[in-house]
Amino acid sequence: MKLNLNIQPLESWFDNGGKPIIISGPCSAETEEQLLETARLVKETGKVNILRAGIWKPRTRPGEFEGIGVEGLVWLDKAKKETGLPTAVEVATAKHVEEALAAGVDILWIGARSTVNPFTVQEIADALQGVDVPVLVKNPINPDLSLWIGALERINRAGITKLAAIHRGFSSFEKSAYRNEPMWDLAIQLKTLAPELPIFNDPSHICGARELIPHIAQTAIDLDMQGLMIEAHRDPSVAWTDAKQQVTPAKLAEIIDNLTLRHSDSDNSEFTDKLANLRNSIDRVDDLILQKIGERMALVQKIGEYKRDNDVTILQVNRWEEILEKRMTLANALKLDKDFVEKFLEMIHNESIRKQTEIMNTSKSEVN
């Protein structure tokens with residue numbers, strides 16, 4: 001089911017000629033000198049469309065630098081006047097909204113720590129009533145698509161039609177090379193539910209390490225995201241917040257230059273015909289897969305009834321381990337991704353357990 005959002009097309013409020021929109025600037029506005037110099041340097045790259053800077057910085061623990069506050073909005077306005085770049089800041093309260101708009105900030109974004117709380121989002125939405133300003137909504141910290149959608153809907157219902165989402169990754173118990181797991185599937189689901197909604201990617205917060213940013217940025221562009229938010233600092237080594245994930249403006253320019261830009265479609269008739277044939281083949285294979293899953297579940301039905309009639313438990317760990325071992329060996333031979341196959345098998349196994357549980361709770365006499 002598609003989302004019912006009333007939004008303006010991105011090109012009607014920020015037209016970048018079809019190229020990805022680049023939002024960049026320091027994680028935090030630290031001093032007036034630091035912000036102005038960084039703004040000049042990102043402007044000189046010729047790659048940046050919007051200047052960002054953190055003014056209020058919610059930290060996990062007290063005692064760390066939590067942003068310069070309202071004073072930084074004055075610096076940001078100076079940077080805007082000097083560079084000509086529109087500005088963007090994160091807001092987390094109604095007061096932030098009022099102060100940012102009063103200072104002439106052009107674009108607001110709602111951070112992951114705010115998106116996770118509907119009370120906070122509603123407070124911000126109430127403050128935005130009657131205001132015509134673009135608002136970007138980051139995904140919540142935890143992988144909950146409904147929370148992300150709910151935040152977008154609340155802001156949209158406040159009358160904000162210049163609306164976009166920011167994919168910045170999600171917290172996960174599983175530790176990996178990333179600060180926040182990309183979980184691309186959630187961003188893809190959102191794009192599927194709201195095709196008209198622009199989605200930007202934030203490689204800085206996904207990666208947590210500047211070395212990984214080029215790969216994530218390219219993946220986002222390959223997935224047809226409309227822009228990137230990449231943190232840049234005049235000297236990341238001395239940054240007061242998130243030093244490891246910020247890049248120099250020169251490195252930012254290099255990352256953007258090395259991106260391979262792709263198109264969502266092609267005018268080449270040979271390509272279109274070939275793609276259509278391949279997609280038809282995929283459709284046939286998908287139908288076969290569903291048929292085979294249906295056959296498997298019919299067998300699960302019989303097994304469940306047999307277990308019920310013989311008072312045998314549903315879950316038999318040894319059998320599940322045997323399935324995993326055999327299928328993973330086959331998956332490896334077929335050069336299929338291990339994590340994908342494991343998740344796929346787990347989904348089928350969980351559905352089998354659910355189906356057998358229903359059967360166990362149905363007496364033989366009820367079936368007959």
**Student:** Is there a side-chain contact between L108 and L136 in this structure, where contact means two heavy atoms from C-beta onward sitting under 4.5 Å apart?
**Tutor:**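 L108 does not reach L136 side chain to side chain.
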**Student:** Give the minimum heavy-atom separation between L186 and W148, together with the two atoms involved.
**Tutor:**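 That closest heavy-atom pairing would be O-CZ3, 4.4 Å.
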**Student:** Let's go through T357 and I314 carefully: what are the C-alpha distance in whole Å and the side-chain angles of both, what is the deciding distance for side chain to side chain contact (heavy atoms under 4.5 Å, CB included) to 0.1 Å, and is it a yes or a no?
**Tutor:** CA-CA 7 Å; T357 300; I314 295 172; 3.5 Å; yes
**Student:** With D222, which residues qualify under salt bridge (Lys or Arg N to Asp or Glu O under 4.0 Å), at least two apart?
**Tutor:**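 Partners of D222 by the salt bridge (Lys or Arg N to Asp or Glu O under 4.0 Å) criterion, ordered by chain and then number, come out as R262.
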**Student:** Report whether I199 and I206 are members of the same hydrophobic cluster (ILVMFWY, side-chain heavy atoms less than 4.5 Å apart, transitive linking).
**Tutor:**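 Yes, one cluster joins them.
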**Student:** Applying side chain to side chain contact (heavy atoms under 4.5 Å, CB included), run through L3 and L197 and close with a yes or a no.
**Tutor:** CA-CA 10 Å; L3 293 183; L197 178 72; 5.9 Å; no
**Student:** Does a side-chain heavy-atom distance below 4.5 Å link F200 with M229?
**Tutor:**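 No; the side chains remain at least 4.5 Å from each other.
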**Student:** Can you check whether P182 reaches I216 side chain to side chain, under 4.5 Å on heavy atoms?
**Tutor:**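 With C-beta onward as the side chain, the pair touches.
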**Student:** Mind checking whether L101 and V97 have side chains closer than 4.5 Å, heavy atoms only?
**Tutor:**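 Of all side-chain heavy-atom pairs linking V97 with L101, at least one is under 4.5 Å.
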**Student:** Could you check whether atom CG of N4 has more than 12 heavy atoms from other residues, nucleotides or ligands sitting under 6.0 Å from it?
**Tutor:**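 Count not over threshold, so no.
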**Student:** Sequence neighbours excluded and cut-off under 3.5 Å, please list the side-chain donor-acceptor pairs for residues 126-133, or say none.
**Tutor:**
residue, atom, partner, partner atom, Å
D126, OD1, Q122, NE2, 2.9
D132, OD1, K162, NZ, 3.4
D132, OD2, K162, NZ, 3.4

**Student:** Please evaluate residues K292 and E295 with respect to the criterion salt bridge (charged side-chain N to carboxylate O under 4.0 Å, His left out), reporting the C-alpha separation (whole Å), side-chain torsions for both, the decisive distance (0.1 Å), and the verdict.
**Tutor:** CA-CA 5 Å; K292 291 301 178 184; E295 290 176 17; 3.5 Å; yes
**Student:** What do the steps show when you test V116 against N142 for side chain to side chain contact (heavy atoms under 4.5 Å, CB included), and what is the final call?
**Tutor:** CA-CA 8 Å; V116 78; N142 50 313; 3.0 Å; yes
**Student:** Taking the side chain as every heavy atom from C-beta outward, state whether L290 and D286 have any atom pair closer than 4.5 Å.
**Tutor:**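 SC-SC contact between L290 and D286 ruled out.
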**Student:** Assign the ring pair H349 / W320 to parallel, tilted or perpendicular, where the plane angle (0 to 90°) is split at 30° and 60°.
**Tutor:**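 Judged by the thresholds at 30° and 60°, the geometry between H349 and W320 is parallel.
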**Student:** Are the charged groups of D339 and K343 less than 4.0 angstrom apart, N to O?
**Tutor:**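 The answer is no: the pair does not qualify as a salt bridge.
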**Student:** Quick one: do the S28 and T241 side chains pair a donor with an acceptor below 3.5 Å?
**Tutor:**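 Yes, because at least one side-chain N or O of S28 sits under 3.5 Å from a partner of the opposite role on T241.
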**Student:** Given E305 and R308, is the salt bridge (charged side-chain N to carboxylate O under 4.0 Å, His left out) satisfied, shown in steps?
**Tutor:** CA-CA 5 Å; E305 293 169 354; R308 178 198 62 200; 5.4 Å; no
**Student:** Is a side-chain donor-acceptor pair under 3.5 Å present for S204 with Q245?
**Tutor:**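 No.
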**Student:** Just jot down the ring pair (Phe, Tyr, Trp, His ring centres under 6.0 Å) partners of W56, sequence neighbours excluded, or say none.
**Tutor:**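 Counting only residues at least two positions away or on another chain, W56 forms a ring pair (Phe, Tyr, Trp, His ring centres under 6.0 Å) with H96.
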**Student:** Set out, in order, the CA-CA distance, both residues' side-chain angles and the distance that settles salt bridge (charged side-chain N to carboxylate O under 4.0 Å, His left out) for K81 and D77, then state yes or no.
**Tutor:** CA-CA 6 Å; K81 289 174 179 174; D77 188 52; 3.1 Å; yes
**Student:** Side chains of residues 323-331: which donor-acceptor pairs under 3.5 Å do they make with residues two or more places apart or in other chains?
**Tutor:**
residue, atom, partner, partner atom, Å
K326, NZ, E322, OE2, 3.0
T329, OG1, E325, O, 2.9

**Student:** Please report the C-alpha distance between E71 and I68 in whole Å, then the side-chain angles of each, then the deciding distance to 0.1 Å, and finally whether the side chain to side chain contact (heavy atoms under 4.5 Å, CB included) criterion is met.
**Tutor:** CA-CA 6 Å; E71 183 181 3; I68 202 69; 4.2 Å; yes
**Student:** Can you confirm whether P236 sits close enough to K251 that some side-chain heavy atom of one is under 4.5 Å from a side-chain heavy atom of the other?
**Tutor:**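 They are not in side-chain contact.
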**Student:** Between E231 and R52, is there a salt bridge with N-O shorter than 4.0 Å?
**Tutor:**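 Salt bridge flag = yes for E231 with R52.
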**Student:** More than 12 heavy atoms of other residues, nucleotides or ligands under 6.0 Å from CG of D267: yes or no?
**Tutor:**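 Atom CG in D267 is not crowded, with 12 or fewer foreign heavy atoms closer than 6.0 Å.
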**Student:** Holding to ring pair (Phe, Tyr, Trp, His ring centres under 6.0 Å), I want the full list of residues that pass it with H233, two or more places apart in sequence or in another chain.
**Tutor:**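 Scan of H233 (ring pair (Phe, Tyr, Trp, His ring centres under 6.0 Å), adjacent residues dropped) gives none.
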**Student:** Looking at I55 and L73, what are the two nearest heavy atoms and their distance?
**Tutor:**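 I55 and L73 have their closest heavy atoms at CG1-CD2, 3.9 Å.
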**Student:** Which atom names give the shortest non-hydrogen contact between A53 and V89, and what distance separates them?
**Tutor:**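 Looks like O-CG1, 3.6 Å.
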**Student:** Determine whether L259 and P20 make a side-chain contact, defined as any pair of heavy atoms from C-beta on separated by less than 4.5 Å.
**Tutor:**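 Of all side-chain heavy-atom pairs linking P20 with L259, none is under 4.5 Å.
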**Student:** Could you tell me whether the side chain of L145 reaches within less than 4.5 Å of the side chain of L193, counting heavy atoms only?
**Tutor:**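 SC-SC contact between L193 and L145 confirmed.
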**Student:** Just distance, no hydrogens or angles: give the donor-acceptor pairs under 3.5 Å from side chains in residues 36-50, sequence neighbours left out.
**Tutor:**
residue, atom, partner, partner atom, Å
E37, OE1, R234, NH1, 2.7
T38, OG1, Q34, O, 2.8
T38, OG1, R234, N, 3.2
R40, NE, E82, OE2, 2.4
K43, NZ, T83, O, 3.3
T45, OG1, V42, O, 2.6
T45, OG1, K47, N, 3.1
K47, NZ, D257, OD1, 2.6
N49, OD1, I22, N, 2.8
N49, ND2, N16, OD1, 3.1

**Student:** Look at the rings of F170 and H167 and say which category their plane angle falls in: under 30° parallel, 30 to 60° tilted, over 60° perpendicular.
**Tutor:**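 Ring orientation, 0 to 90° scale: tilted.
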**Student:** Does a salt bridge link R354 with E358, judged by any charged N lying under 4.0 Å from a carboxylate O?
**Tutor:**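 Yes, R354 and E358 are salt-bridged.
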**Student:** Would you check if there is a donor-acceptor pair between the side chains of R296 and S352 at a distance under 3.5 Å?
**Tutor:**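 Their side chains do contain a donor-acceptor pair, which is all the 3.5 Å distance test asks for.
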